[in-house]
Amino acid sequence: YLTHQRAKITILVEEIKRQCSSRGLAAPSRKAITARIHARPRQEIVARRNGRKAARDRYAPAVGSLKIDQPLLMVQIDHTLVDVIVVDSLTRKPIRRPWLTLAIDVCTRCVTGFHLSLEPPSATSVALCLSQSVLSKDAWLAQREIDAVWPVFGIPATLHLDNAKEFRSEALKRGCEQYAIAIHHRPVRTPHYGGHIERLIGTMMGKVHLLPGTTFSSVQDKGEANPESTAAMTLSEVERWLGHAIAGVYHRELHRGIGM
């Protein structure tokens with residue numbers, strides 16, 4: 001049972017019966033076998049069946065968690081493929097899912113900026129997200145007729161990033177040096193170090209699932225829905241919707257992590 005083949009209990013019971021029969025022994029019941037499995041430490045079971053990394057990610061304490069007590073002391077940035085299909089602004093025919101680059105201030109949990117694009121993540125998308133993060137949002141909100149305030153701007157002291165190639169680009173490095181922004185790459189295979197941005201992305205994708213043309217986050221969630229037939233929003237319309245979802249909704253909700 002404790003192998004990478006990850007045999008089901010039914011198969012385990014049959015194998016035990018076979019071995020007991022060949023040795024002239026009375027086989028234990030399924031209930032007794034299941035109880036013996038449950039008596040073992042769960043972390044050991046996961047480690048033997050799924051590997052030590054899986055067990056460490058699930059059960060090991062998240063040492064070195066981030067504790068930031070000043071706004072803009074650290075900003076996390078990451079990308080995600082948005083769970084919605086956008087349409088062409090002229091023909092209204094479906095195109096594809098856009099990419100979202102998102103930035104969050106670790107101290108306040110406020111979104112400092114984002115960039116939506118049909119192009120895959122690159123140093124350019126990171127730069128455009130950073131530009132919106134640093135600058136005042138008043139004109140941006142007014143141009144899109146978003147009735148909300150977004151009083152978040154300023155140069156961050158540190159960027160906290162994963163190890164994707166666009167986050168290790170020479171362009172990003174030189175730009176940050178010019179504005180005295182430190183870059184900190186989180187250790188490899190330590191997803192909990194980027195927990196703030198990961199949770200934010202999960203929150204935003206949950207909101208996106210209410211839009212026409214959503215692909216949801218899994219085949220099971222999508223069911224029989226056909227996102228291409230229901231897609232109705234252009235890239236700029238999704239961008240406007242995201243701006244309102246952030247400034248008009250998310251920032252006004254109570255964040256359980258900080259109680260504010």
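What you see below is based on every heavy atom in this structure, not just the backbone, and it leaves out hydrogens, waters and symmetry mates. Nothing here was measured: the structure is a model prediction, and the numbers come from that model.
Atom-to-atom distance recorded for Ile77:CD1 and Ile183:CD1 is 9.0 Å, nearest 0.5 angstrom. Rounding to the nearest 0.5 Å gives a distance of 4.5 Å between CG of Leu2 and CZ of Arg48. One distance of note links CZ of Arg240 with CG of Leu116; it measures 14.5 Å at 0.5 Å rounding. In this structure, CD1 on Ile85 lies 15.0 Å from NZ on Lys93, to the nearest 0.5 angstrom. Atom CD in Gln143 sits 11.0 Å away from atom CG in Asp138 (nearest 0.5 Å). To the nearest 0.5 Å, atoms CD1 (Ile104) and CG (Leu200) are separated by 4.5 Å.
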Test log, rule side-chain contact (heavy atoms from CB on, under 4.5 Å), inputs Leu135 and Phe153: CA-CA 5 Å; Leu135 298 174; Phe153 57 90; 5.9 Å; no
Test log, rule side-chain contact (heavy atoms from CB on, under 4.5 Å), inputs Val87 and Ile95: CA-CA 5 Å; Val87 299; Ile95 306 175; 5.5 Å; no
CA sep, side-chain torsions, deciding dist, call: Ile201, Ile197, side-chain contact (heavy atoms from CB on, under 4.5 Å): CA-CA 6 Å; Ile201 286 174; Ile197 188 67; 4.3 Å; yes
side-chain contact (heavy atoms from CB on, under 4.5 Å) between Arg97 and Val82, worked out: CA-CA 6 Å; Arg97 295 164 63 187; Val82 183; 5.6 Å; no
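Contact check for Leu161 versus Leu172: side-chain heavy atoms found under the 4.5 Å cut-off. The closest side-chain heavy-atom distance from Cys20 to Ile16 is below 4.5 Å. At a threshold of 4.5 Å between non-hydrogen side-chain atoms, the residues Trp99 and Pro120 count as touching. A heavy-atom distance below 4.5 Å is found between the side chains of Met205 and Leu100. Side-chain contact check for Ile9 versus Ile37: some heavy-atom pair is nearer than 4.5 Å. The shortest distance between side-chain heavy atoms of His185 and Arg168 falls below 4.5 Å.
Ion pairing between a basic and an acidic side chain is recognised when a charged N comes within 4.0 Å of a carboxylate O; Arg92 and Glu228 show no such pairing. A salt bridge links Glu198 and Arg186; the closest N-O separation between the charged side-chain nitrogens and carboxylate oxygens is under 4.0 Å. Between Arg18 and Glu14 there is no salt bridge, since no side-chain nitrogen of the basic residue lies less than 4.0 Å from a carboxylate oxygen of the acidic one.
The hydrophobic cluster containing Val46 does not contain Tyr1, counting ILVMFWY residues as joined when their side-chain heavy atoms lie under 4.5 angstrom apart, directly or transitively. Val86 and Val208 fall within the same hydrophobic cluster, where Ile, Leu, Val, Met, Phe, Trp and Tyr residues are linked whenever their side-chain heavy atoms come under 4.5 Å apart, directly or through other members. When the side chains of ILVMFWY residues are joined at heavy-atom separations under 4.5 Å, either directly or via intervening members, Leu118 and Leu211 end up in a single hydrophobic cluster. If you chain together hydrophobic residues whose side chains sit under 4.5 Å apart, Val84 and Trp241 fall into the same group. Put simply, Val111 and Val75 are part of two different groups of oily side chains (I, L, V, M, F, W, Y) that touch within less than 4.5 Å, one to the next.
At distances below 3.5 Å, at least one donor-acceptor pair connects side-chain atoms of Arg49 with backbone N or O atoms of Ala7. With hydrogens and angles disregarded, a donor-acceptor distance shorter than 3.5 Å links the side chain of Ser229 to the backbone of Asn226. For the pair Thr203 (side chain) and Arg199 (backbone), a donor-acceptor distance under 3.5 Å is present. Between the side chain of Gln178 and the main chain of Gly175, no donor-acceptor pair closer than 3.5 Å is present. Lys137 places no side-chain N or O within donor-acceptor distance of the main-chain N or O of Pro151, the cut-off being under 3.5 Å. Judged by distance alone, the side chain of Thr112 and the main-chain N or O of Ser133 form no donor-acceptor pair under 3.5 Å.
Shown here for Val134 and Pro156, the closest heavy-atom pair between the two residues is CG2-CD, 4.1 Å. In terms of heavy atoms, Cys107 sits closest to Asp69 at SG-C, 3.7 Å. Minimum heavy-atom separation, Arg30 to Val13: CG-CG2, 3.9 Å. When all heavy atoms are compared, the tightest approach of Ala231 to Pro94 is CB-CB, 4.4 Å. Shortest non-hydrogen contact noted between Gly259 and Leu254 is C-CD1, 3.5 Å. Smallest separation of non-hydrogen atoms from Ser117 and Glu119: OG-N, 2.9 Å.
Using a 30° and 60° split on the angle between ring planes, Phe114 and Trp150 fall in the parallel class, below 30°. Between His184 and His160, the ring-plane angle classifies as parallel under the 30° and 60° cut-offs.
Atom CZ of Arg144 is surrounded by more than 12 heavy atoms from other residues, nucleotides or ligands within 6.0 Å. Surrounding NZ of Lys17 are at most 12 heavy atoms belonging to other residues, nucleotides or ligands under 6.0 Å away. Within 6.0 Å of CD on Glu145 lie no more than 12 heavy atoms contributed by other residues, nucleotides or ligands.
When each of Leu159, Val106, Leu102 is tested with Gln76 by the rule side chain to side chain contact (heavy atoms under 4.5 Å, CB included), just one qualifies, namely Val106. Under the side chain to side chain contact (heavy atoms under 4.5 Å, CB included) test applied with His244, the options Leu141, Asp147, Val249 reduce to a single match, Val249.
Of the N and O atoms on the side chains of His209 and Asp83, at least one donor lies less than 3.5 Å from an acceptor on the other residue.
His79 has its ring centre less than 6.0 Å from the ring centre of Phe167.
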